[in-house]
S.K.: 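Quick one: the structure is below, and I'll ask about it shortly.
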Amino acid sequence: MTRPHALPFSSVLIANRGEIALRIQRACRTLGLRSVCAYSESDRHAPYLQSADAAICIGPAPAAKSYLNIEAILTAAELTGAEAIHPGYGFLSENVDFAQAVHASGRVFIGPPAEAIRVMGNKVAAKRAMLAAGVPCVPGSGGALGEDEAETARIAADIGYPVILKAAGGGGGRGMRIVRSQAELFKAVQVTREEAQRFFANPDIYIEKFLEHPRHVEIQVLCDSHGEAVWLSDRDCSLQRRHQKVIEEAPAPDIDRSAIAAIGERCAEACRRIGYIGAGTFEFLFEDGAFYFIEMNTRVQVEHPVTEMVTGIDIVAAQLRIAGGEPLGLRQRDIGISGHALECRINAEDPFTFAPRPGLIEDLVLPGGPGVRVDTHVTRGYVIPSSYDSMIAKLIVHGATRAEALARMRLALSELVIAGPACNAPLHAELLCDPGFVAGGVDIHHLEKLLEKRGIA
Ligand code: ADP
């Protein structure tokens, strides 16, 4: 991958905002590509618009009228002469109609083929594809549940309680319900179905074994349009609140590296089989030494930097090059993992109640020093709008060992000053000293249990 000038596009519209808009802009610049930032009215003063080669307003603050407005984004690409569109994460990044509309407009969508987004966007179809490709999945109903209650009861009993009901079209941690006995089953099916219809416009739900103490471990993949696929290390994202990741790390602590390599190989092989192209993430629950696939994300993820830190590979630049038809130029044996990386998501929110706290950043001091990286779009004087996600920065550190990474993160957090809106840095500082987290390998309930002890969940 050394000939960026060979890409078939020279100009990329970034259909996103915040830190990822800046991250994509940087990848474009390193490849000599022109970057065009699409922005909503409430982002018109965002500092990263100044460093873009061009910026264009796509509508008012509500996302439905701007960052989710396919027509407005395509018009913006037309007006600015952008030949490719990068969707970032969230918003339209996993929207099949958007990917298709970008193709239909004659532009390059920086992401996988629309068909892959469609299959992976339906968790029932995704699990079926993974089972066929030899990726282990959580035991469950082979497909969406039918209307027959006796059949549903039989499936749940066969799997064994507790089970979890999940919306086939679900995402963002919504549309899931744990069921501990048959007495709760039918009511839970009805409510989850209604929620699935309401949130995701798809009433299909399925059933899985509920794992009591799993860790969240995921595998990053990169696949080119020539049939080659590699996996780039693993990440542990078990520290979650309400299914939202709070701290991520790479590699996952205390898991046998040969087990990780085996599952990584399965993921790469699954990509070759299904003809996947681009960056993607296979999410697994890991319990008692076994991996269980739960879903695949067909986009760049918030936590991609920890993988970049341990592999030295620029994942966003790779996305651009792959979309431009370049071969990976990487073999699995070329990919090493060096040291350990951690990422803390810094949100403008109350560190105790988690209530969002948008507003003016009166003062800002960003940490530095060896192994420290800060991905943020905010500056002093920036006003965090209330219309969007509260994440304002990602603090990422790398160390030769996990202990060194932990020490660097503690130092980085102590140097960070964000005056004005409240932020969750104090929560991170506390977690970095939590004996369970410091020891490594906590399960996905660890953070909520800690918060419960404080009387907050
Ligand atoms: P979403 O797409 O909404 O994020 P996922 O399928 O990725 O949904 O699941 C989100 C989270 O829900 C997981 O990280 C895990 O915390 C929990 N979860 C999902 N499936 C199970 C399961 N079978 N057993 C236990 N926890 C689960």
Side-chain angles (χ1 to χ4, degrees), residues 15-16 62-71 73 87-102 109 111-131 137-138 140-148 152 155-156 163-179 184-210 216 218 237 240-245 274 280-285 292-302 387-389 444:
N16 214 302
K65 298 199 164 150
S66 46
Y67 297 108
L68 291 171
N69 183 341
I70 297 179
E71 217 171 295
I73 292 168
Y89 52 64
F91 296 124
L92 292 170
S93 60
E94 292 178 297
N95 183 303
V96 183
D97 294 339
F98 182 57
Q100 276 169 342
V102 173
F109 177 73
E115 178 59 14
I117 301 176
R118 193 184 62 73
V119 173
M120 296 307 163
N122 183 309
K123 294 184 179 183
V124 169
K127 274 185 84 169
R128 202 171 280 144
M130 288 307 142
L131 282 170
C137 294
V138 186
S141 52
L145 292 177
E147 294 296 334
D148 183 348
T152 299
I155 293 171
V163 296
I164 182 167
L165 299 173
K166 296 170 81 168
R174 295 192 303 172
M176 290 185 280
R177 186 160 278 94
I178 302 160
V179 182
E184 304 167 21
L185 183 64
F186 303 131
K187 177 77 187 156
V189 166
Q190 190 197 337
V191 178
T192 313
R193 241 193 239 293
E194 282 165 12
E195 273 178 14
Q197 176 62 39
R198 195 164 64 243
F199 294 147
F200 312 112
N202 174 0
D204 283 352
I205 61 167
Y206 63 107
I207 194 164
E208 263 179 9
K209 175 82 187 156
F210 178 69
H216 177 116
E218 56 188 35
C237 313
Q240 302 181 356
R241 175 178 173 270
R242 297 194 177 164
H243 303 306
Q244 298 295 319
K245 297 164 186 169
I274 62 178
T281 299
F282 288 74
E283 294 193 333
F284 292 92
L285 295 177
Y292 303 97
F293 171 83
I294 45 173
E295 68 167 343
M296 181 175 192
N297 289 321
T298 54
R299 53 172 165 82
V300 68
Q301 285 190 290
V302 174
S387 326
Y388 311 107
D389 192 84
I444 58 173

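Here the structure is a predicted model, which means the values were calculated and not measured. Any value given below was found using the heavy atoms of this structure, including those in side chains, with hydrogens, waters and symmetry copies removed.
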S.K.: Do Lys123 and Arg128 come within less than 4.5 Å of each other through their side chains, counting heavy atoms only?
M.R.: no
S.K.: CZ of Phe200 to CG of Asn122: how many Å apart, nearest 0.5 Å?
M.R.: 12.0 Å
S.K.: Which atoms form the tightest heavy-atom contact between Gly146 and Thr152, and what is the distance?
M.R.: O-OG1, 4.1 Å
S.K.: Please determine if Glu218 and Lys245 form a salt bridge, counting it only when a charged side-chain N lies under 4.0 Å from a carboxylate O.
M.R.: yes
S.K.: How long is the straight-line distance from CD1 of Ile444 back to CG of Leu285, given to the nearest 0.5 Å?
M.R.: 6.0 Å
S.K.: If only atom types and distance count, is the side chain of Glu94 paired as donor or acceptor with the main-chain N or O of Gly121 below 3.5 Å?
M.R.: no
S.K.: Determine whether a donor-acceptor pair (N or O, by modelled atom type, separation under 3.5 Å) exists between the side chain of Asp204 and the backbone of Ala168.
M.R.: no
S.K.: Would you say Leu145 and Leu165 make side-chain contact, with heavy atoms under 4.5 Å?
M.R.: yes
S.K.: Can you give me the closest heavy-atom contact between Arg299 and Ser93, atom names plus distance?
M.R.: CD-OG, 3.4 Å
S.K.: Which heavy atom in Ala125 sits nearest to a heavy atom in Val119, and how many Å separate them?
M.R.: CB-O, 3.7 Å
S.K.: Evaluate Met130 against Glu295 for side-chain contact (heavy atoms from CB on, under 4.5 Å), listing each step before the verdict.
M.R.: CA-CA 9 Å; Met130 288 307 142; Glu295 68 167 343; over 6 Å; no
S.K.: Could you tell me the separation between the OG1 atom of Thr298 and the CZ atom of Arg118, rounded to the nearest 0.5 Å?
M.R.: 12.5 Å
S.K.: Closest approach of Asn202 and Gly169, non-hydrogen atoms and distance?
M.R.: ND2-N, 4.1 Å
S.K.: So, do Val191 and Arg177 sit near enough that their side-chain heavy atoms are less than 4.5 Å apart?
M.R.: yes
S.K.: Is a donor from one side chain sitting under 3.5 angstrom from an acceptor on the other, for Asn297 and Glu283?
M.R.: yes
S.K.: For the residue pair Pro203 and Gln197, what are the closest heavy atoms and their distance?
M.R.: CD-OE1, 3.1 Å
S.K.: Please confirm whether the ring centroid of Phe284 lies under 6.0 Å from the ring centroid of Tyr292.
M.R.: no
S.K.: Assert yes or no for the condition that the ring centre distance of Phe91 to Phe98 is strictly below 6.0 Å.
M.R.: no
S.K.: Does the distance from a Lys or Arg side-chain N to an Asp or Glu carboxylate O, for Arg174 and Glu195, drop under 4.0 Å?
M.R.: no
S.K.: Start with the C-alpha distance between Gln240 and His216, add both sets of side-chain angles, then the distance that settles side-chain contact (heavy atoms from CB on, under 4.5 Å), and finish with yes or no.
M.R.: CA-CA 9 Å; Gln240 302 181 356; His216 177 116; 3.4 Å; yes
S.K.: Would you indicate whether the side-chain heavy atoms of Glu147 and Arg193 approach each other to under 4.5 Å?
M.R.: yes
S.K.: So if I apply the side-chain contact (heavy atoms from CB on, under 4.5 Å) rule between Ile117 and each of Asp97, Asn95, Val96, which one comes out positive?
M.R.: Val96
S.K.: Checking side-chain contact (heavy atoms from CB on, under 4.5 Å) for the pair His243/Met176: CA distance, chi angles, key distance, verdict?
M.R.: CA-CA 10 Å; His243 303 306; Met176 290 185 280; 3.6 Å; yes
S.K.: Would you sort out whether Ile164 and Ile207 count as a side-chain contact (heavy atoms from CB on, under 4.5 Å), showing the intermediate values?
M.R.: CA-CA 6 Å; Ile164 182 167; Ile207 194 164; over 6 Å; no
S.K.: Once rounded to the nearest 0.5 Å, what's the spacing between atom CD1 of Ile155 and atom OH of Tyr206?
M.R.: 14.0 Å
S.K.: Does any part of the side chain of Tyr89, heavy atoms only, come nearer than 4.5 Å to the side chain of Val302, both counted from C-beta?
M.R.: yes
S.K.: Hey, is Lys127 close enough to Glu208 for a salt bridge, meaning N to O under 4.0 Å?
M.R.: yes
S.K.: If you take all heavy atoms of Ile205 and Ala196, which pair is closest and at what distance?
M.R.: CG2-CB, 4.0 Å
